[in-house]
Amino acid sequence: MANTRSLVSASAATSPLTFPPSPRHRLRAVDRDEVARVVDFLPPGATWLPAPQHTLPALPGQPPMVGYLVLVPADQQPPVALAPPAPQAPATTGDALVRIDPAQRTAEVDGAVLDLTYLEFELLAHLVAHPHRVHSRDQLVTTVWGYGHVGDGRTVDVHIARLRRKLGTAHRGAIQTVRRVGYKYAP
């Protein structure tokens, strides 16, 4: 005879009263010699395969777990409808002068979207995220370009000059030079 164990709640286990069976499905552990009726739970057209043993979790001191892979045709909806993710407000950073939207990778100045290259955007986003903090050229190369970048501080100078040009004459002073050290963003 197969040994099955039903999972019951703590209140039902401590109560001497017997309750009628719930219409909901209960989880239960089965022995290897008991055949589970997986087919009853599958949507039409779906197939199932035993899961490879290396993909299943193992508990110390317990027998290995048994699992199944369920394959559903691509043109069918999943058996459980998932709720669509709640719309989130865009996570923009910045201030009244420069607004950075990292999800869309856009930067705006006075409502106008700037046309920035990848590194210009990364550099501006880093400076705007840390206002009034002085960054050395080496820090900016390490942070924005990464550890593998081969170059000198002059690369940062060129990109800062391009950013100032794209910010326009009214706002180019927001990126300030700190002599013999580096740059800072001061809105």
Side-chain angles (χ1 to χ4, degrees), residues 24-25 41-49 51-52 54-58 65 67-187:
R24 294 175 35 184
H25 296 288
F41 299 106
L42 296 179
T47 57
W48 62 280
L49 302 169
H54 69 276
T55 63
L56 299 173
M65 295 186 178
Y68 300 98
L69 299 174
V70 177
L71 307 173
V72 179
D75 59 344
Q76 288 187 357
Q77 292 290 337
V80 177
L82 301 175
Q88 297 178 351
T92 59
T93 59
D95 51 34
L97 175 64
V98 178
R99 296 182 55 93
I100 304 289
D101 185 0
Q104 295 183 357
R105 298 195 56 82
T106 58
E108 295 180 4
V109 174
D110 290 336
V113 178
L114 300 177
D115 183 28
L116 301 176
T117 65
Y118 175 80
L119 288 173
E120 289 170 349
F121 175 81
E122 291 294 323
L123 181 59
L124 182 61
H126 181 73
L127 290 172
V128 169
H130 305 95
H132 305 287
R133 179 175 160 198
V134 178
H135 302 276
S136 71
R137 289 172 179 84
D138 290 337
Q139 287 173 338
L140 290 172
V141 166
T142 302
T143 305
V144 176
W145 278 259
Y147 291 105
H149 176 72
V150 177
D152 59 355
R154 186 69 185 138
T155 304
V156 176
D157 296 340
V158 170
H159 280 80
I160 291 290
R162 289 181 188 164
L163 273 178
R164 286 177 174 160
R165 196 174 317 122
K166 291 182 179 183
L167 286 174
T169 56
H171 304 296
R172 69 181 323 139
I175 299 177
Q176 298 176 355
T177 302
V178 178
R179 298 225 182 256
R180 300 181 59 104
V181 178
Y183 298 97
K184 71 177 179 176
Y185 174 75

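Only heavy atoms go into these numbers, but all of them, side chains included; no hydrogens, no water, no symmetry mates. The shown structure was predicted, so the numbers you read here are calculated from the model rather than taken from an experiment.
- Test L97, D110, L114 against L167 for side-chain contact (heavy atoms from CB on, under 4.5 Å) and you get one pass: L114.
- Between the side chain of R164 and the backbone N or O of I175, at least one donor-acceptor pair lies under 3.5 Å.
- Each of V156, L163, L123 was scored for a side-chain contact (heavy atoms from CB on, under 4.5 Å) with Y183, with one residue passing: V156.
- Within the model, atoms CD of Q139 and NE2 of H130 stand 10.5 Å from one another, a figure rounded to the nearest 0.5 Å.
- Applying the salt bridge (charged side-chain N to carboxylate O under 4.0 Å, His left out) rule to K166 yields the partners E120; only residues at least two apart in sequence or on another chain are considered.
- With rounding to the nearest 0.5 Å, the separation of CG in D157 from CZ in R137 is 4.5 Å.
- Distance check, rounded to the nearest 0.5 Å: NE2 of H135 to NZ of K184 gives 10.5 Å.
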Working for side-chain contact (heavy atoms from CB on, under 4.5 Å), residues Y118 and R105:
CA-CA 9 Å; Y118 175 80; R105 298 195 56 82; 3.1 Å; yes
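- Going from atom CD of E122 over to atom CG of L116 covers 10.5 Å, rounded to the nearest 0.5 Å.
- Taking CD1 of I160 as the start and CD of Q176 as the end, the distance is 11.5 Å to the nearest 0.5 Å.
- How far CG of D138 is from OG1 of T143: 10.5 Å, rounded to the nearest 0.5 Å.
- Judged as a salt bridge (Lys or Arg N to Asp or Glu O under 4.0 Å), not a single pair has a partner in residues 167-176 (not counting sequence neighbours).
- Considering only heavy atoms from C-beta on, P187 stays 4.5 Å or farther from H171 through its side chain.
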